[in-house]
Structure formats: C-alpha cells, structure tokens
Amino acid sequence: MHQEQHKQFDFIIAGGGLAGLSLAYYLSQSSLENAKILIIDQSEKKENDKTWCFWEAQPTAFDEIVRQKWNGVWFHGSRNFSQFLPIDEYQYKLIRSADFYQFIYRAISRKDNISFLIDSVLSVEKDIDNRPQVKTTQGIFKASQIVFDSTSRSSYDDPRYSQMLQHFKGWVIETDAPAFDETKPTMFDFSVEQNDECRFVYVLPYSPTKALVEFTIFSDNLLEDSVYDDELKSYISQRLKITNYRIEEVEKGIIPMSDEPCIQIPDDGIVRIGTAGGYVKASTGYSFTRTQRILKNLVRDLERAKGNFDSFEKEKKSWRKGKYIPNWKALLDSILLDVMLKNRHSSKDIFTRLFSKNRPAQILKFLDEDTSLLEDLAIMHTVPIIPFLKSAFVVIFRKIWLFLR
C-alpha cells in the first residue's frame, strides 16, 4: 500500500473506517486482488476511536486482534432479574479500532496496487462521461468501475419513518486495586434511571484493574455532554463502588437506528457501504458482524461479475430504490423501533423478557438474523403482545400507504 500518485483507479473507497477498510481487505483476499484501489480518508486512523463488541460462534480472520473474549455476560434488568448468562456456542468479543486499523494496514501494505490518500471527501458523483468520481481538496479521482461510498450518510430525518439514535459515551478507567472480574463482562445493566427511554450501561473488563464503562441511550434526542459524564461518575461510584480511578481513554458516538429505506446504489458505478449503505441493524445499532457479512457477499458478487459494475448492478436492482417493502427481519426491526419510540412498553422490560424467557444464545442468534420464522415466532411469544400488535398495525399500515403513494 502506498500514497496516491495517479488519479485513475478500478475501485475507489471513499471513507476508510470499518466498512471501507474491511472492503479493501476482502478485495485484497479475492480474485480481484490485483485491481487498482484507492482508499480516501481524512485521517490516518491510528488512534483508538471506537470499540466494537459482537458475538460469534466460529473463528474469523480478525481473531488475532480480539482484545477480550468471554463465554457469558451479566444481565441486570427489570423484575429483579440479575444473572450471569452463559452464551453457549457463542463468544462475546471485543476489538479495539486501533488494533483493527493496524491489522488491515498490515495486511494490505504489501499490495502495490492499493493506494491511500489522506484527504477530505467533498463529493461522490458522475463526471461528464458518466463515470464515477470522487472530489477531494487535492483533486478529482476517477474509478473505471465502482466508487464505494461510506461518506454520504442519510440525515435520517424523514418523519414518515421511525427515527431513533443510539448515543453513548464511555470511559476506559484504571484502578490501583483490583475492581473487575475480567472473565465476566456486563452486557446490559438497566439499573440506571430510564427517564422513559432505553438506557443501560455495559462494563467490559480488560483486566482486574482496567475496564471500559459505557453509558448508552436509545432515544430520538441527544443530551448535553455533562449528562453522560454525570451518569458515568454516578455508576462507577454507586454501582461499581469504585472511588479512585483514572480515565485512560474516552469514546463517544451517535449511531442511527432507523427503518427509512436506504438507497445503496444512488447512481451507476456508485455503491454505498457501511452506515451510508444501511448496514446498521435498525433496532439495536449493531453493525460489526453485519458489515463483515454484507461485504463478504458483496465481494463474492463482484468476483462473479469480474469487478464490472454493469454485470454487478443487474444482481442489485433492489438496491437502487431501497427496500420500501421490507423483508420479514426488517419488519420486526420496524415494529420494535416503533414500540421503543412510542414508549408503548418499557424497553428495559422487553429486553429482560427476551433474555430471561429464552436461551440467551438464541437471542444472539435472533439479533444476528440467523433464526428461522418458527424460531422468531417463539421468541415473539415471550414479549408483551398488545404493545407489539399496536406497533405492528401502525408499521404495516404505514408501509402499505408509502408503497401505494
């Protein structure tokens, strides 16, 4: 991998975050490994700016950079339900973004056909010859085949759809004396004041004296930065009973949770990926595993099309307009979003019922969209029926109305 010098490429990846770098990695491992690729990002991605947590049943290419992995999780919910839950065939894993970036750079650094440009993406568009291009402050870069764009994110503000945000702030804290059991992370602690929203804290121990403590909210509005700090301070002192600690790192973010259809191919030769491509699971905000799964399939499609957009596009016609008629899994996401957004039932109680009345591994499988229709129906039977029926009626009526307009 080297710094950009030319301005014509087979593929351009606009945005070198999780999706962009993952795509570059999978392309470098595919039959398209010799394609000329340019990755454009505004920074070198050397700092640890995110922490990704996910669960897997099988080993993957990223196992060597997994910082921590666990065989069970603590869940503290409603109705005095507080248990350490085994997750059977799964492992709950944590990857730090700095390790991920370094892993990808190391994997593609030997490839002379992959270039990296540190610059701001100004626009992704078509040129006068109808070919895709990317404008940056340093010039215009053209792709003979496809521009993969992870920068053109929807504003997610269409009132006709359910629009929520997952917003969070976390501290990596270090203590002088042992304060954490590094074998037992807390995945959900709903003991914090809910304020008619979905609020929880998770604690991911790196060692007996070091852990990431993160305060998370699902809502349609953001808070002042001081509120997140106050919640973290309160949780650490009152819940964890820790008085002396140092804040080693801070991370915060906002993830869209929306059932607004995503236009993944806005124009010939342009394919949106990552959050811009709708890869985030609408009802939970989980994206790491979904991103890897979708990109692996995308690269397989590209291999079949020999990298040619025209052949590839024929397989992806549904991406042009977005899924206005959702599939079954997307419909379930929309219904849960509506329940949480309208506060038809306590989110704390919904998640408690899911994890206490079902095998926890089955819920993880459900969140990964790997369950069958019969398994989905069995899981749905464990949540309060009336609130979900109300939301189902609203969502289905709205989808039909939007489709017929």
Side-chain angles (χ1 to χ4, degrees), residues 15-19 21 41-54 65-68 70 73-74 92-105 118 153 164-182 185-193 195 197-219 221-257 274-275 280 284-288:
L18 171 65
L21 290 179
D41 197 87
Q42 59 187 358
S43 69
E44 287 190 73
K45 299 287 186 188
K46 289 185 176 179
E47 296 182 359
N48 189 73
D49 54 3
K50 295 180 181 68
T51 301
W52 292 299
C53 288
F54 53 97
I65 56 168
V66 169
R67 175 66 173 78
Q68 290 290 97
W70 302 279
V73 295
W74 271 106
Y92 191 48
K93 299 179 179 181
L94 179 152
I95 288 181
R96 289 163 55 83
S97 60
D99 297 331
F100 176 82
Y101 301 145
Q102 188 178 30
F103 173 87
I104 299 294
Y105 291 149
I118 300 171
R153 287 175 54 169
M164 290 186 78
L165 298 169
Q166 177 181 156
H167 43 112
F168 56 87
K169 187 169 188 179
W171 293 345
V172 175
I173 63 171
E174 188 149 23
T175 60
D176 292 325
F180 308 104
D181 182 345
E182 60 185 316
T186 297
M187 188 177 184
F188 290 106
D189 189 342
F190 286 101
S191 65
V192 295
E193 182 62 44
N195 283 29
E197 296 173 330
C198 180
R199 296 183 171 201
F200 59 92
V201 175
Y202 57 87
V203 182
L204 306 174
Y206 294 159
S207 74
T209 58
K210 193 172 185 177
L212 169 63
V213 183
E214 195 144 294
F215 173 59
T216 301
I217 305 176
F218 295 174
S219 71
N221 63 294
L222 302 177
L223 306 176
E224 293 292 327
D225 202 51
S226 59
V227 177
Y228 303 93
D229 291 339
D230 291 342
E231 289 286 348
L232 286 166
K233 288 176 188 173
S234 174
Y235 186 87
I236 292 168
S237 64
Q238 296 180 26
R239 180 73 169 164
L240 299 180
K241 309 297 184 187
I242 297 172
T243 53
N244 296 314
Y245 59 91
R246 297 174 299 282
I247 301 174
E248 300 288 329
E249 294 178 14
V250 178
E251 68 174 46
K252 55 184 178 180
I254 304 169
I255 300 171
M257 298 170 64
T275 304
V280 175
T284 62
Y286 285 116
S287 64
F288 188 89

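FYI, side chains are in, hydrogens and waters are out, and symmetry mates aren't considered; it's all heavy atoms of this structure. As the structure is a prediction and not an experimental result, all values here were calculated from the model. Here, residue 1 is the first one in the sequence, and each next residue gets the next number.
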To the nearest 0.5 angstrom, please state how far the [atom1] atom of [X] sits from the [atom2] atom of [Y].
X	Y	atom1	atom2	answer
K252	D229	NZ	CG	8.0 Å
L21	K45	CG	NZ	7.5 Å
S191	R239	OG	CZ	4.0 Å
H167	L223	NE2	CG	5.5 Å
R199	I217	CZ	CD1	4.0 Å
I65	I104	CD1	CD1	7.0 Å

Using modelled atom types and a 3.5 Å cut-off, is there a donor and acceptor pairing between side-chain atoms of [X] and backbone atoms of [Y]?
X	Y	result
W52	Y286	no
S207	K210	yes
S237	K233	yes
Y245	V172	no

Plane angle bin for F100 and F288 - parallel if under 30°, tilted between 30 and 60°, otherwise perpendicular: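 Plane angle over 60°, so perpendicular.
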
By ring pair (Phe, Tyr, Trp, His ring centres under 6.0 Å) - contacts of Y206 (at least two apart):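 Per chain and number, Y206 pairs via ring pair (Phe, Tyr, Trp, His ring centres under 6.0 Å) with no residue.
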
F215: ring pair (Phe, Tyr, Trp, His ring centres under 6.0 Å) partners, not counting sequence neighbours: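 Ring pair (Phe, Tyr, Trp, His ring centres under 6.0 Å) check on F215 returns nothing, list empty.
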
Between [X] and [Y], is any side-chain donor less than 3.5 angstrom from a side-chain acceptor?
X	Y	result
Y235	D189	yes
E251	T51	yes
Y101	D41	no

Determine the minimum heavy-atom distance between [X] and [Y], stating which atoms define it.
X	Y	result
P205	W70	O-CZ2, 3.4 Å
A19	G274	CB-CA, 3.5 Å
L204	C53	CD1-SG, 3.1 Å
Q68	V66	O-CG1, 3.1 Å
S97	E47	OG-O, 4.0 Å
L240	I236	CB-O, 3.4 Å

Any side-chain heavy-atom pair of [X] and [Y] under 4.5 Å:
X	Y	answer
K50	R96	no
K169	L232	yes
V73	Y202	no
Q42	I118	no
F180	I173	yes
F218	M257	yes
C198	Q166	no
M187	Y92	yes

Pair F168 + Y228: ring centers closer than 6.0 Å: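 Aromatic pair excluded; centres sit 6.0 Å or further apart.
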
Proximity of F190 and F188 rings by center, below 6.0 Å: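 Close enough - the centres of the two rings lie under 6.0 Å apart.
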
Evaluation steps, side-chain contact (heavy atoms from CB on, under 4.5 Å), between V201 and T216: CA-CA 6 Å; V201 175; T216 301; over 6 Å; no

Neighbour count above 12 (heavy atom, 6.0 Å) for E248 CD: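 More than 12 heavy atoms, drawn from other residues, nucleotides or ligands, come within 6.0 Å of this atom.
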
Whether over 12 other heavy atoms sit under 6.0 Å from N244 CG: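 No, not enclosed.
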
Residues L165, S219; criterion side-chain contact (heavy atoms from CB on, under 4.5 Å); working and verdict: CA-CA 5 Å; L165 298 169; S219 71; 5.6 Å; no

Check against side-chain contact (heavy atoms from CB on, under 4.5 Å), N221 and E197: CA-CA 10 Å; N221 63 294; E197 296 173 330; 3.4 Å; yes

Verdict with supporting geometry, R246 and D176, side-chain contact (heavy atoms from CB on, under 4.5 Å): CA-CA 9 Å; R246 297 174 299 282; D176 292 325; 3.0 Å; yes

